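To keep things clear, I will list the structure first and then write my remarks on it.
Whatever order the structure lists them in is the order used to number ligands and atoms, beginning at 1. Quantities reported herein were computed from a predicted structural model and do not represent experimental measurements.
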Amino acid sequence: MTSVKTQLGLIRSTLPSGVELVAVSKFHPAEIIAEAYEAGQRIFGESRAQELTAKAASLPGDIRWHFIGHLQTNKVKPVVSATSMIESIDSERLLQAVDREAAKQGKRMDVLMQVHVAKEETKTGFTPDELLDFFRRRAFESLQAVHICGLMAMASNTDDTDRIHRDFSDVAALRGQILEMCPDLRGFDALSMGMSHDYPIAIECGATMVRIGSTIFGEREY
Ligand SMILES: *Cc1c(COP(=O)(O)O)cnc(C)c1O
């Protein structure tokens with residue numbers, strides 16, 4: 001397989017300016033993450049708390065770690081401490097737990113709300129209706145330390161590009177609806193959507209952040 005550096009260069013050359021690349025390094029060892037770091041990559045995505053904290057401890061301190069997996073409330077403390085963004089807030093209970101912990105740590109915690117638009121039932125996240133309800137109630141006003149920066153989503157796992165396009169467009173439209181309802185929301189700009197196989201479609205639909213793993217690092221061995 002071609003080098004991590006080459007792959008990163010190829011992907012970067014396809015990203016419009018303003019689209020951030022999250023290199024998803026889950027299941028890959030620290031040495032290969034270090035190669036991406038050497039090639040200038042600074043944002044990495046991990047989906048398991050223990051793996052994230054172990055890697056964060058052994059890699060350079062200026063890496064910005066994004067948590068992208070399902071976060072259990074009993075793992076909130078180490079994840080808040082190690083990350084610059086939690087992209088996968090999938091319940092109000094988790095949001096409150098992250099807010100309490102971030103306040104305790106004296107840290108402003110950037111998060112994204114994960115939306116479920118895909119057809120697979122197994123994926124987590126708020127339904128669009130739940131999110132609209134959350135913002136209609138202005139439930140974000142009680143947050144002390146968390147800043148909601150936008151939305152994260154995965155499209156349906158399918159070869160049907162029309163369906164993928166529709167999923168991502170739904171997320172972009174949802175962000176617009178939320179902003180219409182709460183025009184005073186500040187910094188609610190991020191749309192994290194698109195992975196190795198579908199990120200060009202996500203960019204067409206307005207993604208500001210793409211999360212790419214296997215195209216950079218090769219297939220994962222679970
Ligand atoms: C694993 C993962 C990715 C990256 O997937 P690839 O197909 O390897 O690019 C992106 N987003 C989330 C939420 C993931 O869990």
Phe44 to Val22 - nearest heavy-atom pair and separation: C-CG1, 3.9 Å
Is it the case that the side chains of Glu20 and Thr208 hold a donor-acceptor pair, with the cut-off being a distance below 3.5 Å and no angle test? no
Pi-cation contact, Tyr37 with Arg42 (under 6.0 Å, within 45°): yes
For the residue pair Ser156 / Arg163, report whether a side-chain donor-acceptor contact shorter than 3.5 Å exists. yes
Test of understanding: with side chain to side chain contact (heavy atoms under 4.5 Å, CB included), list the residues that count as partners of His147, not counting sequence neighbours. Arg108, Asp110, Cys149
For ligand 1, which part of His197 has a heavy atom less than 4.0 Å away: the side chain, the backbone, both, or neither? neither
If the cut-off is 4.0 Å to any non-hydrogen atom of Ile212, which atoms of ligand 1 fall inside it? 9 (O)
Please check whether Gly213 reaches ligand 1 - meaning an N/O of the residue sits under 3.5 Å from an N/O of the ligand, judged on distance alone. yes
For ligand 1, indicate whether the residue Ser214 contacts it via side chain, backbone, both or neither (heavy-atom separation under 4.0 Å). both
For ligand 1, is any non-hydrogen atom under 4.0 Å from Arg220's backbone (N, CA, C, O), its side chain (CB onward), both, or neither? side chain
